[in-house]
Novice: 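Quick one: this structure, given as structure tokens, is what I'll be asking you about.
Residues: numbered from 1 along the sequence shown.
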Amino acid sequence: TVTGAGAGGGGYGAANDMGGGGGAGGTAIETIDISGVSTVTVNVGAGGAGGSGGNDGTGGGGSSFGSYATGNGGSGGRHGNRGSTYGGGGGTATGGDINITGGSGNNGIDNMYNGGGTDYRPSYGMGGASFWGGGGRPGVYNVPAQTGRAFGSGGGGGSAANTGGGEAGKAGIVYVE
């Protein structure tokens with residue numbers, strides 16, 4: 001089982017904004033007869049960095065088990081002051097008997113933050129879920145965003161409510177049994 005890394009969530013951008021969540025990495029599940037194989041190169045993708053301030057999150061790295069199976073990393077979430085503040089797309093997978101696209105990060109929001117300082121909009125900017133589990137929570141009020149929770153999941157988007165940036169996606173995984 002090969003899962004690409006999750007992407008980082010977008011930064012908050014400007015006052016009244018919330019960044020989009022990072023997309024999760026794709027997963028390839030493959031049964032391989034390795035009886036005649038002596039070595040295989042294994043790569044595990046690093047999680048994408050979260051965006052700070054007016055910066056988008058960065059994409060996650062791809063994971064692979066030789067040329068047999070590849071899980072591509074998710075795309076970074078956009079920062080909150082972009083008008084179209086969408087979450088990052090999920091990564092694709094190739095080479096598996098089963099190929100699963102990672103979950104997309106939830107969209108952020110532009111110019112909707114409650115200036116009273118008590119804005120709770122936990123559905124905006126949630127990191128995308130991977131095959132292994134859920135993504136990071138977005139920043140709300142006085143609580144910062146979370147990094148991706150499960151292998152290959154996306155980081156939560158940042159919030160102007162606490163001037164916190166988006167958080168990093170979780171690294172991928174290559175699981176051999």
Novice: Measure the shortest side-chain to side-chain distance between S63 and V174 over non-hydrogen atoms and say whether it is less than 4.5 angstrom.
Specialist: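 Yes, side chains in contact.
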Novice: Any donor-acceptor pair under 3.5 Å linking the side chain of N107 with the backbone of G87?
Specialist: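 Yes; judged by distance alone, with no hydrogens or angles, the pair exists.
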Novice: Quick one, V44 and F151 - any side-chain contact, counting heavy atoms below 4.5 Å?
Specialist: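 No. Closest side-chain heavy atoms not under 4.5 Å.
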Novice: What pair of heavy atoms forms the shortest contact from S130 to G25, and how long is it?
Specialist: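 Closest approach of S130 to G25: CB-O, 4.4 Å.
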Novice: Between T58 (side chain only) and A49 (backbone N and O only), is there a donor and an acceptor less than 3.5 Å apart?
Specialist: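 Flag set: sc T58 to bb A49 pair under 3.5 Å.
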Novice: Is the backbone of G134 close enough, under 3.5 Å, to the side chain of S153 for a donor and an acceptor to pair up by distance?
Specialist: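 Yes.
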Novice: Taking side chain as C-beta onward, heavy atoms only, is F65 less than 4.5 Å from V176?
Specialist: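 They are in contact (side-chain heavy atoms under 4.5 Å apart), so the answer is yes.
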Novice: Under 3.5 Å, is there a donor-acceptor pair between the side chain of H79 and the main chain of G54?
Specialist: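 It does hold such a pair.
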Novice: Taking the side chain as every heavy atom from C-beta outward, state whether N72 and T92 have any atom pair closer than 4.5 Å.
Specialist: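 Sidechains of T92 and N72: in contact.
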Novice: Of all heavy-atom pairs between A93 and G26, which one has the smallest distance, and what is that distance?
Specialist: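 Heavy-atom minimum between the residues: CB-C, 4.1 Å.
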Novice: Are I98 and Y68 co-members of a hydrophobic cluster defined by side-chain heavy atoms under 4.5 Å apart?
Specialist: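 Unlinked, Y68 and I98 end up in two clusters.
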Novice: Provide the closest heavy-atom pair for A46 versus A5 in the form atom of the first, atom of the second, distance.
Specialist: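 Result for this residue pair: O-CB, 3.0 Å.
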Novice: With a 4.5 Å cut-off on side-chain heavy-atom distances among I, L, V, M, F, W and Y, is there a chain of contacts connecting F131 to Y175?
Specialist: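 Linked within one cluster.
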Novice: Measure across A145 and G165 and return the closest heavy-atom pair with its distance rounded to 0.1 Å.
Specialist: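 Where A145 meets G165 most closely, the heavy atoms are CB-O, 4.0 Å.
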Novice: Can you name the nearest heavy-atom pair linking A28 to T94, along with the distance?
Specialist: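 That would be CB-O, 3.7 Å.
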Novice: Roughly how far, to the nearest 0.5 Å, is the CE atom of M126 from the OG atom of S104?
Specialist: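 CE of M126 is found 14.0 Å from OG of S104.
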Novice: Could you pull out the closest heavy-atom pair between Y124 and G108, with the gap in Å?
Specialist: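 Heavy-atom minimum between the residues: CD2-O, 3.7 Å.
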Novice: Using only atom types and a distance under 3.5 Å, with no angle test, would you say the side chain of Q146 pairs donor to acceptor with the backbone of R137?
Specialist: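 Judged by distance alone, yes, a pair lies under 3.5 Å.
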Novice: Which atom pairs, one a donor and one an acceptor, fall under 3.5 Å between side chains of residues 29-36 and the rest of the protein, sequence neighbours left out?
Specialist:
| unit_1 | atom_1 | unit_2 | atom_2 | d |
| --- | --- | --- | --- | --- |
| E30 | OE1 | D97 | N | 3.0 |
| D33 | OD1 | S35 | N | 3.1 |
| D33 | OD1 | S35 | OG | 2.8 |

